[in-house]
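So the structure is just underneath, and the comments pick up after that.
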Amino acid sequence: MSENKFTCLHDKHVAQGALMSPFGGFDMPIQYAGIVEEHNAVRNAVGVFDVSHMGEVHITGPEAQKFVNYIFTNDITKMEVGGIQYGMMLYPDGGTVDDLLVYTMGENDYFLVINAANIDKDVAWINEQAANFDVTVDNQSENYGQIAVQGPDAEKKMLEVLNLDCSDLTFYTFKVVDYHGDNIIVSRTGYTGEDGFEVYASHDTIRDMWDMLMTAGVQPCGLGCRDTLRFEVGLPLYGDELTAEITPIMAGFGFFVKLDKEDFIGKDACAQQKADGPAKKLVGLELHDKAIPRHGYEVCNENDEPIGYVTTGYRGISVDKSIAVALVDAAYGKLGTPLRVHIRKKYFDATVVKKKFHDKSYKK
Amino acid sequence: MSKIIDGLYYSESHEFVKVEGDFGYVGITDYAQHELGNVVYVDMPEVDDEVEAGEDFGAVESVKAASDLVSPVSGTVVEVNEALEDEPGLINKDAFENWIIKVELSDKSELDNLMDAEAYKAFIGE
């Protein structure tokens, strides 16, 4: 086992007394003030996350557009410079390699943002697929730091504290800004269901920005509330809701799989699954009791026969209920279906509901 | 610094027992509640359930994770702290005051296997 890596802000987290824990190969802050307090700061005001663990891969070359469109489920030919798309990279059988963002930097110039835990796997996968294309794949993950400023007050704080006017950015767009000589990327994106921004920059710039945000009293947030925030609004986490065994069709993210575009890896499998209906499906569950469903807990039908498992579960914070997302046999996927969750020694009644437990508040 | 109260018995899994006559009040220590963070649910047994020393009798759940409750003593549950059903966060406010179950002790000699305040203080490294 290799040692956990540190982000460029690691020493600051430790000095500020954050609870640290390994995530995706990095020693990351899980919480500062407490998950509930940080979660509420983001829903009601603003919070900042260190997301420097995320990976960045730059793809350029005469066939960059053709290549990225071949490994990615969304259709990047529909994007202009400054645009961003969410989507997945798939295996030929439709299983998910990773979910990612693609930034269109220029003609045949793309910036891919991938999950920390998948950096090595993804880069190997991308390089393998790139053999037949005239492209250059450049893993820049070590060179970029990244922060996410999230919450209804994010735009105001970006301007007041960091002197970055983001009022011109619409949801899922970005701009490159010369910030004291450093070319940084600022995008209106996030993983919380709230309005917010992500900044990709050199380690030094990210450290300076973090200090300024702390001085201004912006709540530092850990990965604990990042998970509760994204879960409540139905955003998937790779490893839970998307895996090598879970296709985007099973997960209910068919919108990001453009079956009408030219060939891409996993297209046939997804088309087949969409036509036949997937054997398994991700559903939302609401428990009738306060008991809390956790990742991996068994989900049963009314006869207590196992028909699936919980992928993520919590006592909601913005939603005062015990809620979960679960992968179940498709026959049990209809809204309103009564199911049971096996928690320790007991079975608890639950109902299939929408996976979006809390409404997103994006600024479109 | 975690709060530790003299006169209580402590387990290595961070439960405490406060003994009154033939009864013991069982809960989690201040150190444990601090490590857990915001407690959002307490899974408790029912009155008349039997608990056994070293065996699970429920769980305390924070936002992030479920943590098994291990009974430090054997006996019959005669009362559960119903206030925790509506307000599990009471454990964060005062873990010792907000015990979880009251047990009629079947074997008081089991208390000899537990730590006193001084030993527990050393155990948690404070």
Side-chain angles (χ1 to χ4, degrees), chain A residues 17-23 28-43 221-232 237 240 287-297 310 312-324 341-348, chain B residues 1-2 13-15 28 30-52 54-71 77 80-95 98 100-101 124-126:
Chain A
L19 173 67
M20 305 295 290
S21 184
F23 179 86
M28 295 298 287
I30 300 304
Q31 64 179 60
Y32 282 85
I35 293 176
V36 175
E37 198 172 331
E38 293 163 29
H39 177 109
N40 288 330
V42 172
R43 284 268 186 267
C221 298
L223 296 185
C225 78
R226 189 168 151 87
D227 200 47
T228 55
L229 287 159
R230 69 89 195 165
F231 162 73
E232 285 185 347
L237 172 65
D240 287 348
L287 273 73
H288 304 178
D289 197 275
K290 286 184 178 173
I292 304 171
R294 302 283 182 185
H295 176 88
Y297 286 8
V310 171
T312 305
Y314 280 106
R315 181 79 201 165
I317 297 175
S318 304
V319 184
D320 188 22
K321 287 170 184 159
S322 288
I323 47 182
V341 183
H342 191 181
I343 300 177
R344 285 178 291 277
K345 291 163 190 165
K346 297 179 214 160
Y347 292 83
F348 291 89
Chain B
M1 276 292 277
S2 303
S13 46
H14 307 288
E15 288 85 10
I28 66 166
D30 184 54
Y31 174 84
Q33 73 74 20
H34 185 75
E35 290 290 300
L36 278 168
N38 309 108
V39 174
V40 292
Y41 178 68
V42 186
D43 182 2
M44 294 183 281
E46 288 170 15
V47 169
D48 290 339
D49 281 359
E50 298 289 323
V51 293
E52 201 174 324
E55 298 289 324
D56 299 351
F57 69 92
V60 178
E61 305 214 26
S62 66
V63 175
K64 201 70 204 154
S67 197
D68 285 337
L69 286 164
V70 180
S71 187
V77 177
V80 300
N81 186 354
E82 286 173 4
L84 297 175
E85 286 175 11
D86 291 329
E87 213 181 328
L90 287 172
I91 287 185
N92 297 115
K93 285 185 187 149
D94 190 336
N98 292 285
I100 297 168
I101 54 172
I124 60 174
E126 288 187 358

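Keep in mind that the numbers below use all heavy atoms, side chains included, and drop hydrogens, waters and symmetry copies. The sequence lines fix the lettering, A, B, ..., with proteins before strands; numbering per chain opens at 1.
Residue A:D320 does not touch chain B at all, counting heavy-atom pairs closer than 4.5 Å. Proximity to chain A is limited to the side chain of B:D68, based on heavy atoms less than 4.5 angstrom apart. Using a 4.5 Å cut-off between heavy atoms, B:D86 touches chain A through backbone and side chain atoms alike.
Taking all atoms of both residues into account, the shortest heavy-atom contact from B:A66 to A:Y297 is CB-OH, 4.1 Å. A pairwise comparison of heavy atoms in A:H39 and A:I317 identifies CD2-CG2, 3.4 Å as the closest pair.
Heavy-atom pairs under 4.5 Å with chain A peak, among B:V63, B:V40, B:N38, at B:V63. In terms of heavy-atom pairs under 4.5 angstrom with chain B, the leader among A:L19, A:I292, A:I35 is A:I292.
With hydrogens and angles disregarded, a donor-acceptor distance shorter than 3.5 Å links the side chain of A:K290 to the backbone of B:E85.
Using a cutoff of 4.0 Å between basic side-chain nitrogens and carboxylate oxygens, A:K346 and B:D43 are scored as salt-bridged. Salt bridge annotation for B:E55-A:K345: absent, with no cationic side-chain nitrogen under 4.0 angstrom from a carboxylate oxygen.
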